[in-house]
Amino acid sequence: MSASHSPLPALNVVVLAAGQGKRMHSNLPKVLHPLAGKALAAHVLDTARSLAPQSITVVHGHGGEVVRAALEAPDLAWALQSPQLGTGHAVAQAVPHLSAAPVTLVLYGDVPLIQAETLQRLVRAAGDGLAVLTVRLANPTGYGRIVRDGAGRVTHIVEEKDASPAEKAIDEVNTGILALPTARLGDWLGRLSNDNAQGEYYLTDVIALAVAEGVPVHTAHPAAEWEVLGVNSKVQLAELERSWQGHLARRLLEAGVRLADPARIDIRGELNCGRDVAIDVGAVFEGKVVLEEAVDVGPYCVLKNVTVQAGARLAAFCHLEDCVVGPDAIVGPYARLRPGTRLGAEAHVGNFVEVKNSVIGAGSKANHLAYVGDADVGERVNIGAGTITCNYDGANKFRTVIEDDAFIGSDTQLVAPVRVGKGATLGAGTTLTKDAPAGLLTVSRARQTTVPNWVRPVKAAKKD
Ligand code: UD1
Ligand code: CA
């Protein structure tokens, strides 16, 4: 069995999230700021969960109750750290919550994009000792440096503020992410001192304690640098967002999706694409979106929890939420499909048409300026421009039913509850308040007349 496929040892995860995040200049605690539509700490927790640990403990402090309320879940334990005396002190608060699992993995709530594969490598690297996730940086300023002996073995970590000029020249840094032997942790943390430049209890000092006891110290490395970048400011948050979106875009391209510009797509959730999908610039995907084979998404469309079936086309500037677009349907430009909309095969919904909680059957068309709400529209129905389903009487909502092959003339109001029979025609301008029988023309407007000898009013002459 290869190392990468051997079972992962049982784990505890500790997520440090007590820091304040002053440089965000925000009332929202730092770890709740969104990246790809999800709180920073929620990324970390989801990744932690994917490792199926025996416990997850979140160390919270500043704005702690808000953080807890936002992230609360039955699988999380919470440890309050107040005051915040350093990363070693933070992990010590979590110790009472740890299970006997042999390895305890320490993650940061503000390092959102750490990947599960990297953590698995780190945990496996820990083996009979501990492992530090390290990376070489062109500019290591601000980070703890990894100090090694002549044989290349890690001896300790020195923080920037405590480092000598020679140590500052080391470009291998501590990402902060560690895999530690649970059994030794309590003892090591209890022996930390705060006799250093920052007067803090440094978690990193456990490395020297391990070395002194002959516990082996290993290192592992992330696949990409962005995995270990932290967020301390809005600038860093925006940069990390672009790194992540770039990564997701590359993954789509590699899977065969055509992106007009990989730098102009935003995925804030899960996007699954079939073969030969094409996505134009400015598209935003939220929640769970499925684009089946040969779907074409035009520029500046926003899709949230949507399935678009094979061959359907969304023209520019469409907004879709909680709906299903049938195969080979054509939507937009400028269409809005609200929750509960289901478009059948080859349906057309055109510009400035709003559809809500309605089924529009196969081959039916609403091509211009319409509101279709709470309606069941059959197949091959034509809905004329300016048609409105009056579904709301100010208190309650009612359904409109339009059966197959009906033709709804322009500027028609259907006052629900009302039914249009199969093959019926409604004359333009009709206000339908009673059911329209199948196969017949129903018109409600007054008959057109021309008034003889009618004279346009003229302006009264001004008196002086
Ligand atoms: C820490 C590491 C440093 C590493 C760097 C990577 C230590 C002593 N130093 O430094 O080696 O290169 O991270 O970014 O560990 N936190 C708490 N409680 C505290 C202090 C911190 O929960 O009392 C949390 C913060 O919210 C943050 C994380 O721990 O998520 C790291 O804290 P931070 O102050 O950013 O550590 P650094 O000084 O950057
Ligand atoms: Ca930091």
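Count residues from 1 along the sequence. Keep in mind that what you see is a predicted model, and the values were worked out from it rather than measured.
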Practice problem: Please determine which of Leu303, Ile267, Val308, Asn305 meets the side chain to side chain contact (heavy atoms under 4.5 Å, CB included) test together with Val289. | Solution: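 Running side chain to side chain contact (heavy atoms under 4.5 Å, CB included) over Leu303, Ile267, Val308, Asn305 with Val289 returns exactly one hit, Leu303.
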Quiz prompt | Under the ring pair (Phe, Tyr, Trp, His ring centres under 6.0 Å) test, residues paired with Trp226 that sit two or more places apart | solution =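 So Trp226 forms a ring pair (Phe, Tyr, Trp, His ring centres under 6.0 Å) with Trp244, His247.
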Practice problem: Under the ring pair (Phe, Tyr, Trp, His ring centres under 6.0 Å) rule, collect the residues that match up with Tyr300, sequence neighbours excluded. | Solution: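 Once residues adjacent in sequence are excluded, the partners of Tyr300 under the ring pair (Phe, Tyr, Trp, His ring centres under 6.0 Å) criterion are Phe317.
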How would you list, by chain and number, every residue that makes a side-chain hydrogen bond (donor to acceptor under 3.5 Å, both in side chains) with [X], sequence neighbours excluded?
X	result
Ser26	His33
Gln245	Glu241
Arg23	none
Asp296	none

Self-check item: Pair Lys30-Asn232, side-chain donor/acceptor within less than 3.5 Å
Solution: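 The criterion, which ignores hydrogens and geometry beyond distance, is satisfied for Asn232 and Lys30.
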Practice problem: Quick one: do Asp374 and Asn357 satisfy side chain to side chain donor-acceptor pair (under 3.5 Å)? Show the steps, please. | Solution: CA-CA 5 Å; Asp374 301 304; Asn357 192 26; 2.8 Å; yes
Exercise. Kindly determine whether Asn396 and Asp393 satisfy side chain to side chain contact (heavy atoms under 4.5 Å, CB included), including the steps that lead there.
Key: CA-CA 6 Å; Asn396 298 297; Asp393 63 5; 4.0 Å; yes
Please confirm whether the backbone N or O of [Y] pairs with a side-chain atom of [X], one donor and one acceptor, at under 3.5 Å?
X	Y	answer
Arg268	Glu286	no
Tyr108	Asp110	no
Asp280	Val297	no

Review item, side-chain donor-acceptor pairs of residues 46-53, under 3.5 Å, at least two apart:
unit_1	atom_1	unit_2	atom_2	d
Asp46	OD1	Arg49	NH1	3.2
Asp46	OD2	Lys38	NZ	2.7
Thr47	OG1	His43	O	3.0
Arg49	NE	Asp75	OD2	2.6
Arg49	NH2	Asp75	OD1	3.0
Ser50	OG	Thr47	O	2.6

Self-check item: Counterpart residues, salt bridge (charged side-chain N to carboxylate O under 4.0 Å, His left out), relative to Glu254 (two or more places apart)
Solution: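 Here no residue qualifies.
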Practice problem: Sequence neighbours left out, what pairs pass side chain to side chain donor-acceptor pair (under 3.5 Å) with at least one residue falling in residues 92-105? | Solution: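 Applying side chain to side chain donor-acceptor pair (under 3.5 Å) to every pair that reaches into residues 92-105, excluding sequence neighbours, yields Asn12-Ser99, Asn12-Thr104, Gln54-Ser99, His89-Gln93, Thr104-Thr182.
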Quiz item: Going by the side chain to side chain donor-acceptor pair (under 3.5 Å) test, which pairs reach into residues 328-344, not counting sequence neighbours?
Solution: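 Sorted result for residues 328-344: Arg338-Glu354.
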If you look only at distance, which donor and acceptor atoms sit under 3.5 Å apart when one is on a side chain in residues 137-147 and the other is two or more places apart or in another chain?
unit_1	atom_1	unit_2	atom_2	d
Asn139	OD1	Thr141	N	3.1
Asn139	OD1	Thr141	OG1	2.6
Arg145	NE	Lys168	O	3.4
Arg145	NE	Ile170	O	3.0
Arg145	NH1	Pro140	O	3.4
Arg145	NH1	Tyr143	O	2.7
Arg145	NH1	Glu160	OE1	2.7
Arg145	NH2	Glu160	OE1	3.2
Arg145	NH2	Lys168	O	3.0

Show every donor-acceptor pair shorter than 3.5 Å between a side-chain atom in residues 211-219 and any protein atom, with sequence neighbours excluded, or say none if there are none.
unit_1	atom_1	unit_2	atom_2	d
Glu213	OE1	Arg184	NE	3.2
Glu213	OE1	Arg184	NH2	3.0
Glu213	OE1	Trp188	NE1	3.3
Glu213	OE2	Arg184	NH2	2.8
Glu213	OE2	Trp188	NE1	3.1
Glu213	OE2	Arg191	NH1	3.0
Thr219	OG1	Arg148	NH2	3.2

